[in-house]
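One structure is given below, encoded as structure tokens.
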Amino acid sequence: MEKTSSGLQENIAGLLCYFFGFIAGVIFLVIEKDNKTVRFHALQSILLEVAACVLWIAILILTLILGAISGALAFIGIILYATLGIGFFIVWILLLIRTYQGTLWKLPVIGNMAAKWAGI
């Protein structure tokens, strides 16, 4: 593991990008100029948070529409919302573990985007 511009080990800086989410991702993206791995983790963290927000808003809108049709149909949206939350939580934990271990784990779609933008 190599040091980063922040003085932290590469795996610790990457872990912090995920642990503190969007804000830490932006901070490490700004302060880390040389280490492509940390920049990748910062970008992937930002993109994951954006994707989660977009999906949660879409499910909220779907739930409101289904609820307007029938209160019982709104239950589908609530189940989707809970499933998405659990899914993102599991992905977040796996990202924390794998990043700490020094593994570069690319998520589908956003991982490739982050790798391309980070120059990996």
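What you are looking at is a predicted structure, and each value in this text was computed from that prediction instead of being measured. Along the sequence shown, residues are numbered consecutively beginning with 1.
L66 places none of its side-chain heavy atoms less than 4.5 Å from the side chain of T63. Annotation: side chain of L15 is not in contact with side chain of N11 (no heavy-atom distance under 4.5 Å). Side-chain contact between F19 and W92 is present, with heavy atoms from C-beta onward closer than 4.5 Å.
Under the 4.5 Å side-chain heavy-atom criterion for grouping Ile, Leu, Val, Met, Phe, Trp and Tyr, L48 is connected to I57 within one hydrophobic cluster.
Under the 3.5 Å distance criterion, the side-chain polar atoms of T103 are left unmatched by any main-chain donor or acceptor of T99. K36 contributes no side-chain N or O that, together with a main-chain N or O of K33, makes up a donor-acceptor pair within less than 3.5 Å. The closest donor-acceptor contact from the side chain of R39 to the backbone of A118 lies at 3.5 Å or more, if one exists at all. In this structure, the side chain of Q44 engages the main chain of W105 through a donor-acceptor pair within 3.5 Å.
Counting heavy atoms of neighbouring residues, nucleotides and ligands inside a 6.0 Å radius, atom CD1 of I23 does not exceed 12 of them. Around atom CZ of F88, more than 12 heavy atoms belonging to other residues, nucleotides or ligands sit under 6.0 Å away.
The aromatic rings of W56 and Y81 lie tilted to each other, with the angle between the two planes from 30° to 60°.
Between H41 and Y18, the gap from one ring centroid to the other is short of 6.0 Å.
In the model, E10 has a side-chain atom that pairs as donor or acceptor with a side-chain atom of N35 under 3.5 Å.
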